[in-house]
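Heads up: numbering here begins at 1 and tracks the sequence. Only heavy atoms go into these numbers, but all of them, side chains included; no hydrogens, no water, no symmetry mates. All values derive from a computational prediction rather than experimental measurement.
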Amino acid sequence: MNERDTDEHHAAQRQAALDYHRFPKPGKLEIRATKPLANGRDLSRAYSPGVAEACIAIQSNPDGAADYTARGNLVAVVTNGTAVLGLGNIGALASKPVMEGKAVLFKKFAGIDCFDIELKETDPERLADIVCALEPTFGAINLEDIRAPDCFVVEKICRERMNIPVFHDDQHGTAIVVCAAALNALRLTERHWEDIKVVSTGGGAAGIACLNMLLTLGVRRENVYLLDLHGLVHEGRDVDMTPHKAAFAQPGPMRALGDVIEDADLFLGLSGPNILTAAMVAKMAQRPIIFALANPDPEIAYDVAKAAAPDALIATGRSDYPNQVNNVLCFPFIFRGALDVGATEINEAMKIGCVEGIAALARATTSAETAAAYQGEQLTFGTDYLIPKPFDPRLMGVVAAAVAEAAMESGVARRPIEDLGAYKANLDASVFKSSMIMRPVFAAAADAQRRIVFAEGEDERVLRTAQAMTEEMTDIPILIGRPDVIASRIARAGLTLDPETSLEIVNPENDPRYRDYWETYHALMARRGVAPDIARAIMRTNTTAIGAVMVARGEADSLICGTFGQFLWHLRYVTEVLGQGDLHPVGAMSLMILEDGPLYIADTHVHARPTPAQVAETVVACARHVRRFGIEPRVALCSASQFGNLDSDSGRTMRAALALLDEMHLDFQYEGEMNADAALDAELRARFLPKGRMEGPANVLVFASTDAAGATRNILKARASGLEVGPLLMGMGNKAHIVTPSITTRGLLNVSALAGTPVDHYG
C-alpha cells in the first residue's frame, strides 16, 4: 500500500468512526423506561401520588433504594479528561465519547446501567468533593482517565468518605488483568511469585497499581525495579519523585534499563514505544515474560521480541497480537459482583478473586461462542493464550461470582447471597438466553446416563457440544466420523476430548460392526426396494442412517443429525429405520426465546399441509413437550381465518382440528382458529370472542402449514433476536432429533439435553 492509499485508508477509517458516533442518532447511549406508562393508572404509580410510597420506604430504610430504584444497578463513570487513552489532557468535553463507550461496555458485558459524568474540574480535592456528593444517585463509582498523581488523591478521598465501591479502572483494572496474565505465565514457566525479578517502566497510575498488586500476590519488593523517564527509581533520587514511586526505590549504582534488565523474569511496560531492545531481551532469564502494554506502539515490537527470545511469553495492549491486556476483562464483572452483594467497597480480596477468576477461565476449554467471535485464532491455554478473550460469555458467571464470594468472605457485603451456585447460574442465564428455561431439562437429563449419537461427528460444533456434554452432563457422546479427522479438529479447537475415555467414535469407513449394521438396515428395508448392495453402500456413506440403525439396535438412545443437509432428507432415513409401531413423525416444534418470554412454534418442518388429524396430534404433542420446560401450555391454532370469518383451506383445517381436540377432553388450554396477533394479545382476542376458552396470551402457535410456521420462526430469529431451541422432532419417542444447519453449539447442547431426557420424564 503506497502513501496515498494509506492516507485514503486512514481517512476512510476516520470517517467510518465519526459516522458510527453520529448516525442514526448522535452518541452511543439513550435512556429507556423499565415500567409501562400507557395510562392514568401507570402515571399515578410512576409519579404522584404513588411515587411517595417508594420515597417513604427509602427514608425509613435507605437500603430499600436497591429495591425501589435503579441505584443498585447504576454506576457513574467519572472523569475530568486529563489523561484520556493515548490522547492525554483533552479536557472533560472531548472525553465524553470515551466515557459513553465505557458505559456501553458496562451494559453490553454485565448488564449494568451507567451514566457518564464529565467534570470540568482539575483540582483533585474539589473533584473528589463533587464525586462524593453523587453517592445518593449511584451504587458505585468508576473513576476514569484522571492524570497521576491526582487520581491517587481523588480515589483515596472518595474511598474514605463514600460507603459505595469506588474503583479507578486505569489503576486497578489494568493491574487485575496484568496479574491474571502473569499468574498463568508463571504457571506455564513453573515460576513462583516470591522468586521472580520484575522490571517495570512507567511510574504512572497503572504502573504503580500493577506493582502493588504483584506485591499483594507475593512478589518481593526488593525484586522490583521501577523506571520512569528519569531512569531507575533509586534511593536518594529527588527528581520527579512521589511517595508511590519512592516505595520502590532501589539501592546501588544501577540507573538504566539496560543495567537492571539482566536475568529479569518479567518485564512490565506501561510507558512508551521502543524502549526495550532485542539486546535487552536477550539478557533476560530463560522463557522471559514480556508485557509490553504501551498503546498503540508497545515498548518492543512483538516480532522483535519473538526473534530475540522465541520462547518468550508476550502480552501487549493490542488486539492484533496474542494476549491483549484489556480492562474489559475485569471492570464490568468486578462491578457486577460488587453491586449484587451491596458491597461498601472493592477491596484487595475482591481484586484477587477477580485475578484468579480471569486466570482460571483462560485455563478452561474455550467456549464455542468465543471461538465463533475469534475465528481462525488458536484459543488454547498456553504461550499465546494467557488470558481469555473479552467476548467469552463465561466471564460474567466466573468473575462476578468470584468477586461476590470474596466480598462476602471479607465482610464488605451488605446483601450477602445465600446460594452462590444459584447466583452463578442466574448470571450465566443473563448471558446464555436459553439457560434459565433449559434448567428443568438439564435437571431431568442429569438423572440418567444416555448415549447420544451425532451423525455429523466431524463438525466442530458437534465436537464442542461433545466437550460440553462431558463437562456439564452425564450423557455419553458417540460421534460418527473418521477418527483422524476428528482428532485433528479436536486439536485445532483446543478441546480435551479423549476418544479412549470420554466419547465413542464410529468410523463409517472401517467399523467392526459394519456387517451387523448393513444387515439390520437391509432387514428393515428389504421389501422397500433396497437390495443388499444398496444397504452396504448406505452404511458406508450415510451417517444419519448409521446413527438411526445404532438407535434401533439399542447401541444408542437417541440420534441428533441435520447440522448440514435438508431436514426432510434426514427425516426420510429416521422414519424408515425408527418409525416402527406407534412411533412416527408428528411434527417439528421450535422454542423461540424472546425478550418477553418463550414462544413455541409448530409444525416447522414435517407436514407441509397437515390434515386436521395431524394438526390435532401436533397440538397434543406440543403440549406434552412444553411441559418438559416446566411451562403450562396455552396453544393457539393459527390461520388466516379468525373464528370462522373466512372460508379458507387453513380455516377449515383448523376448525376441524379444534373439533377433534374437543373430543379428547384435554387438560390444557387451546383455542382457534385465529390470527397470530389475536393469539398473542388476549385483549384483542376478546374483541372477537369475549368468552373464549383460553386465558392470557398463547405460548404455543400451531400453524396450518410448514410455510407459515417456518416463516414465523425465521422472522423471530432474524428481526426479534429470537434464540431458537430445536427444532424438536415430536412423535419419535425421543429417539431422534433433526436440527438445522444454522444451529449453534449452544443450540446443539440444548437439543442433546432434550435427547438425554428419558421418555418417561415427559410422557
When you compare the side chain of Cys158 with that of Ile141, does any pair of heavy atoms fall below 4.5 Å?
no
Tell me if a side-chain donor or acceptor on Arg685 pairs with a main-chain N or O of Ala679 at a distance below 3.5 Å.
yes
Taken to the nearest 0.5 Å, the spacing of Phe335 CZ from Asn73 CG works out to 12.0 Å
Would a distance-only check, ignoring hydrogens and angles, find a side-chain to backbone donor-acceptor pair under 3.5 Å from Arg159 to Phe167?
no
Between Asp145 and Asn80, is there a donor-acceptor pair closer than 3.5 Å when you use the side chain of the first and the backbone of the second?
no
Taking side-chain contact (heavy atoms from CB on, under 4.5 Å) as the definition, give me every residue that meets it alongside Leu689, ordered by chain and number, with sequence neighbours left out.
Phe643, Glu671
Return the CD to CG distance between Glu144 and Asp170, rounded to the nearest 0.5 Å.
4.5 Å
I'd like to know whether CD of Gln15 has more than 12 heavy-atom contacts from other residues, nucleotides or ligands below 6.0 angstrom.
yes
So, do Met162 and Val131 sit near enough that their side-chain heavy atoms are less than 4.5 Å apart?
yes
Can you find a heavy atom in the side chain of Val725 that is under 4.5 Å from one in the side chain of Tyr600?
no
Measuring only between side-chain heavy atoms, which start at C-beta, is Leu680 closer than 4.5 Å to Leu701?
yes
Would Phe688 and Asn675 count as a side chain to side chain contact (heavy atoms under 4.5 Å, CB included) here? Give the steps.
CA-CA 11 Å; Phe688 297 98; Asn675 298 163; over 6 Å; no
Provide the closest heavy-atom pair for Leu591 versus Pro598 in the form atom of the first, atom of the second, distance.
CD1-CB, 3.5 Å
Test item: side-chain donor near acceptor, Ser641 and Glu673, under 3.5 Å:
yes
Quick one, Ile117 and Phe138 - any side-chain contact, counting heavy atoms below 4.5 Å?
yes
Separation of Cys114 SG from Leu29 CG (nearest 0.5 Å):
7.5 Å
If the threshold is 4.0 Å, N to carboxylate O, is there a salt bridge linking Lys102 and Asp169?
yes
Taking only residues two or more places apart in sequence, or in another chain, which ones meet Ala709 in a side-chain contact (heavy atoms from CB on, under 4.5 Å)?
Ile601, Thr604, Phe703
Hey, does the side chain of Arg628 reach the backbone of Leu754 with a donor-acceptor pair shorter than 3.5 angstrom?
yes
Heavy-atom pair with the smallest gap, counting every atom of Val635 and Phe668:
CG2-CE1, 4.0 Å
Checking the side chain of Asp603 only, and the main-chain atoms of Ala588 only, is there a donor and an acceptor separated by less than 3.5 Å?
yes
Does this structure show an ion pair linking Lys424 with Asp428, if we count only N-O contacts that are shorter than 4.0 Å?
yes
Quick one: pull up CG in Leu716 and OG in Ser590 and give me the separation to the nearest 0.5 Å.
10.0 Å
Note: Asp667-Arg627 ion pair, threshold 4.0 Å (strictly below)
yes
Taking all non-hydrogen atoms of both residues into account, name the closest pair between Val700 and Leu599 and its distance.
N-CD1, 4.4 Å
Checking Arg394 side chain against Val399 main chain: does a donor-acceptor pair fall under 3.5 Å?
no
Gly722 versus Leu594, closest heavy-atom pair with distance
CA-CD2, 3.6 Å
Atom pairs and distances, side-chain donor-acceptor, residues 33-42, under 3.5 Å, sequence neighbours left out:
{"residue": "Asn39", "atom": "OD1", "partner": "Arg41", "partner atom": "N", "Å": "3.2"}
{"residue": "Asn39", "atom": "OD1", "partner": "Asp42", "partner atom": "N", "Å": "2.8"}
{"residue": "Asp42", "atom": "OD2", "partner": "Ala38", "partner atom": "N", "Å": "3.0"}

Decide side chain to side chain donor-acceptor pair (under 3.5 Å) for Glu100 and His21; before the verdict, give the C-alpha distance in whole Å, the side-chain angles of both, and the deciding distance to 0.1 Å.
CA-CA 10 Å; Glu100 282 192 357; His21 284 80; over 6 Å; no
Shortest non-hydrogen separation from Arg336 to Gly111 and the atoms involved
NH1-O, 3.7 Å
To the nearest 0.5 Å, what is the distance between CG (Asp707) and OG (Ser650)?
12.0 Å
Is a side-chain N or O of Lys120 found less than 3.5 angstrom from the main chain of Ala92, in a donor-acceptor match?
no
Return yes if some donor-acceptor pair links the side-chain N/O of Arg634 with the main-chain N/O of Ala698 below 3.5 Å, else return no.
no
Under the side chain to side chain contact (heavy atoms under 4.5 Å, CB included) rule, what do Lys107 and Val104 come out as? Steps first, then yes or no, please.
CA-CA 5 Å; Lys107 189 67 173 180; Val104 170; 5.8 Å; no
State the CE-CE distance between Met408 and Met350, to the nearest 0.5 angstrom.
10.0 Å
Name all residues meeting the side-chain hydrogen bond (donor to acceptor under 3.5 Å, both in side chains) criterion together with Arg71; count only those two or more places apart in sequence or in a different chain, and write none if there are none.
none
Test side chain to side chain contact (heavy atoms under 4.5 Å, CB included) on Glu118 and Leu93; report intermediate values, then the result.
CA-CA 7 Å; Glu118 298 78 25; Leu93 180 60; over 6 Å; no
State, to 0.1 Å, how close Leu728 and His737 come at their nearest heavy-atom pair, and which atoms those are.
CA-ND1, 3.8 Å
Ile58: what forms a side-chain contact (heavy atoms from CB on, under 4.5 Å) with it, not counting sequence neighbours?
Ala65, Tyr68, Thr69
Could you check if a side-chain atom of Lys28 sits within less than 4.5 angstrom of a side-chain atom of Pro97, using non-hydrogen atoms only?
yes
Would Phe109 and Leu395 satisfy side chain to side chain contact (heavy atoms under 4.5 Å, CB included), going step by step from the backbone distance to the final call?
CA-CA 9 Å; Phe109 288 103; Leu395 279 162; over 6 Å; no
Is a side-chain donor or acceptor of Glu135 paired with a backbone partner of Asn163 at a separation under 3.5 angstrom?
yes
Asp116 side chain vs Ala76 backbone, donor-acceptor pair below 3.5 Å:
no
Show which side-chain atoms of residues 656-665 pair as donor or acceptor with protein atoms under 3.5 Å away, not counting sequence neighbours.
{"residue": "Asp662", "atom": "OD1", "partner": "Tyr670", "partner atom": "OH", "Å": "2.6"}
{"residue": "Asp662", "atom": "OD1", "partner": "Arg693", "partner atom": "NH1", "Å": "2.5"}

